[in-house]
Structures are given as structure tokens and as C-alpha cells.
Amino acid sequence: MSEDAFLRAPWKTLGRQHQATTFGMWVFLASEVLLFAGLFAGYAVYRGLYPSGFLAAGRQTDIVFGTVNTALLMTSSFSLATAGRAAKAGLPHAARRLIWVTIAIGMTFLVLKGFEYREDLHKGLFPGPAFPIAIRGAMLFFSFYWIMTGIHAVHVTAGLIALSRLQFLSRRNPQWLAGSTSEEATALYWHLVDVIWIVLYPLLYLGGRAHG
């Protein structure tokens, strides 16, 4: 396909359009980092104020679900990165298959997270009058848990929509993936979502176990 097929107004060259798209995505990702940085900072402050409560509550998170979901997201980053390389290497059909793999992994993550939430609710691990852990700060830990994992799940959902868009736009001409800037921008977003989870995993699932 010619460059004109990918060029959008007001850009005059595909290279300039690519630079603008990449820069715009990095600015957006920076705003997302600021959002989670505020949550991480709040978590750190209150963990320092209520260490016993945070440790006791951290032992109640399901480490099996957390570990499996971590492995899933790391695998999805690998499959999407490989898809980008396949597209640039002139293997668009392989790229599309790898994007489908990434979508399937992301959906599996959300399904498992749903099962995990169900188990949490069954144990009563939702902030409220009937919260089962009486240690001061434990309820606050689970407030952070629900907020941070919930926001992350919304970001995973948005990433799946963006990946599905790539598949829709390339369904008739898989070569589109090689020349469009959308694939790289979507991959950057997906990798950020994965990196955020890699930070959430030790904060929410490992902290309590590290102290017995």
C-alpha cells in the first residue's frame, strides 16, 4: 500500500504523522502514570501509618489469581510485541493471529479477575460495616485494592477495544498493520497497562506474605 493510504490530515508526510502519533501517545501515557502514581503514593503513606493492618489484609488477597494474571499479562506483552515485529517483517497474517492471541489473553485476565472478585465478596473483603478484619488499616488496604484493580481492569478493557479496532481495520487488508501508526500506539498503551499490573502485584499480593 502507498503512504497516501495511511496519511491523515493535517500531516504532509507519514514520518511526521508517525512522530506526532507516538508523541501524543506518550503524553497520554504520562497522564495515566500520574493517575496511578497518586494512588501508589497514597498506598505508601497509609501503609506506613497502618503497617499491621496492611500486612494482615495483604495476606487475604488470592496469590494464585494474582500470579496467574501476572503471567498472562506478561505473555500478552510478548505476543503483541511479536505481532508488531511480524507486521514490519511483511508477515501481516501472522501479526493478526498474534493480536488475536493477545485479545484472548486479555479477556482471560478479566474473566479470572471476575472470579477473584467473586471470591473476595464471598469472604466479605469489601469495605463496609461487616468487614471481617478488625485490625486498623485493613479496610483501607482493601479500599486501595478495589480502586486500583478496578481502574486497571477498565484500562485492560479499553486496551481490548483498541486491539479489536486493529483487527477490524485490517480485516480486508492485513498489510494495513505494517504502515499504520495505530498498531504501535496501541502496543504502547497495552505495555503500560501490563507495567502497572507488575507494580500492583507486589503491592497487593506479596507484601503480606513477605512478613510471614
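Both backbone and side-chain heavy atoms feed into the values below; hydrogens, waters and symmetry mates do not.
- Contact check for Met74 versus Asp194: no side-chain heavy atoms found under the 4.5 Å cut-off.
- Between Leu125 and Trp146 the shortest heavy-atom distance is O-NE1, 2.8 Å.
- Checking Tyr205, Tyr201, Trp197 one by one against Thr70, the side chain to side chain donor-acceptor pair (under 3.5 Å) holds for a single residue, Trp197.
- Note on ring orientation: taking the six-membered ring where Trp is involved, the planes of Phe144 and Tyr46 are tilted (angle from 30° to 60°).
- Listed by first then second residue, pairs satisfying salt bridge (charged side-chain N to carboxylate O under 4.0 Å, His left out) with a partner in residues 113-142 read Lys113-Glu116, not counting sequence neighbours.
- Between the side chains of Ser76 and Thr102, no donor-acceptor pair of N or O atoms lies under 3.5 Å.
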- Task: Could you walk me through whether His155 and Phe36 pass ring-ring contact (aromatic ring centres under 6.0 Å, His included), step by step?
- Result: CA-CA 12 Å; His155 281 72; Phe36 279 96; 5.5 Å; yes

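- Put simply, CG on Leu203 and CD1 on Ile198 are 12.5 Å apart, with the number rounded to the nearest 0.5 Å.
- Looking only at distances, a side-chain donor or acceptor of His152 sits under 3.5 Å from a matching main-chain atom of Val193.
- Phe115 contributes atom CZ, which lies 7.5 Å from atom CZ of Phe65 (distance to the nearest 0.5 angstrom).
- The nearest pair of heavy atoms linking Thr186 to Ala162 is CG2-CB, 3.8 Å.
- A pairwise comparison of heavy atoms in Gln167 and Ile99 identifies CD-CG2, 3.6 Å as the closest pair.
- Annotation: the span from Phe141 atom CZ to Leu204 atom CG amounts to 5.0 Å, rounded to 0.5 Å.
- The CE atom of Met107 lies 13.0 Å from the CG atom of Leu72; values are rounded to the nearest 0.5 Å.
- Aromatic ring centroids of Tyr117 and His122 lie 6.0 Å or more apart.
- Taking OG1 from Thr108 and CG from Leu73, the interatomic distance works out to 10.5 Å, rounded to the nearest 0.5 Å.
- Judged by the 6.0 Å distance and 45° axis criteria, Arg47 is not positioned over the aromatic ring of Tyr43.
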